[in-house]
Amino acid sequence: MTDHYTLAETAAQSILQRTPLRPRIGLVLGSGLGSFADSLTETTKIPFREIPSFSLSTAIGHAGQTVIGKAGSVPVAVMQGRVHLYEGYSPQQVAFPIRVFRRMGIRAIILTNAAGGINLTYKQGALVLISDHINLQGNNPLAGPNDDRFGVRFPDMTHAYDKSYRESARDEARKLGMTLHEGVYAALLGPSYETPAEIRYLRTIGADLVGMSTVFEVIAARHMGIKVLAISCVTNMAAGILDKPLSHQEVMETGERVKTSFEALLRAVLPRMENDPDTAVQK
Ligand code: HPA
């Protein structure tokens, strides 16, 4: 079997040969948050099915394409949609697009997701910077033999969510007059939403948000030295808080409602990440 490094390299080349742009920043857009990609200029759109070794997203609300384009003057590579563990994909398949990003020359990523709000100070529609995570998915994309070409066997996760990017995001949110919270994201397997008892447990162990994505992507990114900014949209308060059932419909509708401010924040943060000296170095 061909190794993941070679597969990622092949996929990266197949994307790069279709665009003259050479982005150093990648984005992954979560459920209901994909429309940012529609606002880019000079775009090349590549359906996931046309990229070698890419898995196809089955979740509603995930377009399933890579868009290379410019956000203002900043070239970006966008995954409009992602695959999840609950779809039956392996942790390596979930993390694969991030490895492709790295082979494309990406040095920093913005991950977005829809999440349930556990922290009672959050409201539906709130945007939350992820400051740390708790991996409760029972697996890890780095499990198995380590490929040293990606990174070390035991990667540090102390500073997984880059502090200076978070500062930049807070700064830009302030300028835009937006409230931006900060919190800890717990990732569960899904696809069933949590029970109220599980939410009380998650609050006790220090989680502010709950979702079914992002963490494997962060682990794979840090393994390769990619810097990470991650932002959740609280599409619903977590189970048991408001005494009403949770639905994917509600998740999508909230994403739609906040997309204008979410996109404004992304657009404001990107130039600051582009000017980060770490991002500028091509390795
Ligand atoms: N739980 C898990 N994942 C989610 C939720 C939730 O309440 N909302 C959006 N994604």
Side-chain angles (χ1 to χ4, degrees), residues 27-36 57-64 79-89 91 94-95 110-139 161 179-219 229-259 261-263 265-266:
L27 292 95
V28 179
L29 303 176
S31 296
L33 306 169
S35 67
F36 175 76
S57 171
T58 61
I60 302 164
H62 285 263
M79 300 294 171
Q80 204 175 12
R82 54 157 62 93
V83 297
H84 306 80
L85 200 61
Y86 67 72
E87 294 176 82
Y89 293 112
V94 171
I110 304 181
L111 304 174
T112 72
N113 62 46
I118 296 174
N119 185 317
L120 297 172
T121 68
Y122 299 165
K123 301 262 181 317
Q124 190 178 35
L127 298 182
V128 186
L129 275 174
I130 302 180
S131 58
D132 205 345
H133 73 225
I134 303 174
N135 179 8
L136 296 172
Q137 295 195 299
N139 214 325
Y161 298 84
T179 304
L180 187 58
H181 303 269
E182 195 159 314
V184 174
Y185 177 91
L188 272 63
L189 171 61
S192 51
Y193 289 117
E194 301 70 37
T195 62
E198 286 166 343
I199 294 303
R200 290 193 297 275
Y201 156 76
L202 292 172
R203 185 179 296 120
T204 303
I205 65 170
D208 299 295
L209 301 155
V210 60
M212 308 171 192
S213 68
T214 306
V215 160
F216 289 171
E217 295 158 14
V218 173
I219 292 169
L229 176 71
I231 309 173
S232 288
C233 170
V234 176
T235 52
N236 56 280
M237 290 312 286
I241 295 177
L242 299 179
D243 195 33
K244 62 173 194 178
L246 272 44
S247 75
H248 189 58
Q249 172 86 5
E250 184 182 27
V251 169
M252 298 299 296
E253 282 169 6
T254 311
E256 182 67 27
R257 187 158 63 74
V258 303
K259 73 177 189 197
S261 52
F262 205 156
E263 287 172 19
L265 179 61
L266 295 182

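What you see below is based on every heavy atom in this structure, not just the backbone, and it leaves out hydrogens, waters and symmetry mates. We count ligands from 1, going down the list as the structure has it; atoms in each ligand are counted the same way.
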Residues Ile130, Leu209; criterion side chain to side chain contact (heavy atoms under 4.5 Å, CB included); working and verdict: CA-CA 9 Å; Ile130 302 180; Leu209 301 155; 4.2 Å; yes
Chi angles and distances behind the side chain to side chain donor-acceptor pair (under 3.5 Å) call for Glu263, Ser35: CA-CA 8 Å; Glu263 287 172 19; Ser35 67; 2.4 Å; yes
Derivation and outcome, side chain to side chain contact (heavy atoms under 4.5 Å, CB included), residues Ile219 and His133: CA-CA 10 Å; Ile219 292 169; His133 73 225; 4.2 Å; yes
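Of the candidates Thr235, Ile199, Val210, Val234, the one placing a heavy atom closest to atom 4 (C) of ligand 1 is Val210.
Annotation: atom 10 (N) of ligand 1 to nearest protein heavy atom, Ala114 O, 3.3 Å. Taking atom 8 (N) of ligand 1 as the reference point, the nearest protein heavy-atom neighbour is Asn236 OD1, 2.7 Å. Among protein heavy atoms, the minimum distance from atom 2 (C) of ligand 1 is reached at Glu194 OE2, 3.2 Å. Counting only heavy atoms of the protein, atom 5 (C) of ligand 1 lies nearest to Gly116 N, 3.4 Å. From the protein, the heavy atom lying nearest to atom 3 (N) of ligand 1 is Gly211 CA, 3.4 Å.
Electrostatic pairing of Arg82 and Glu87 does not count as a salt bridge here, judged by no charged N lying under 4.0 Å from a carboxylate O.
Within the listing of ligand 1, atoms 8 (N), 9 (C) sit less than 4.0 angstrom from a heavy atom of Val251. Within the listing of ligand 1, atoms 2 (C), 3 (N) sit less than 4.0 angstrom from a heavy atom of Met212. Which parts of ligand 1 touch Leu246 is read off a 4.0 Å heavy-atom cut-off, strictly below it: atoms 7 (O).
A distance-only check finds a donor-acceptor pair linking the side chain of Thr254 to the backbone of Thr235 [under 3.5 Å]. Side-chain atoms of Tyr185 do not come within 3.5 Å of backbone N or O of Ala230 as any donor-acceptor pair.
Taking the centre of each ring, His84 and Tyr89 stay at or above the 6.0 Å mark.
Neither the backbone nor the side chain of Ala239 has any atom closer than 4.0 Å to an atom of ligand 1 (non-hydrogen atoms only).
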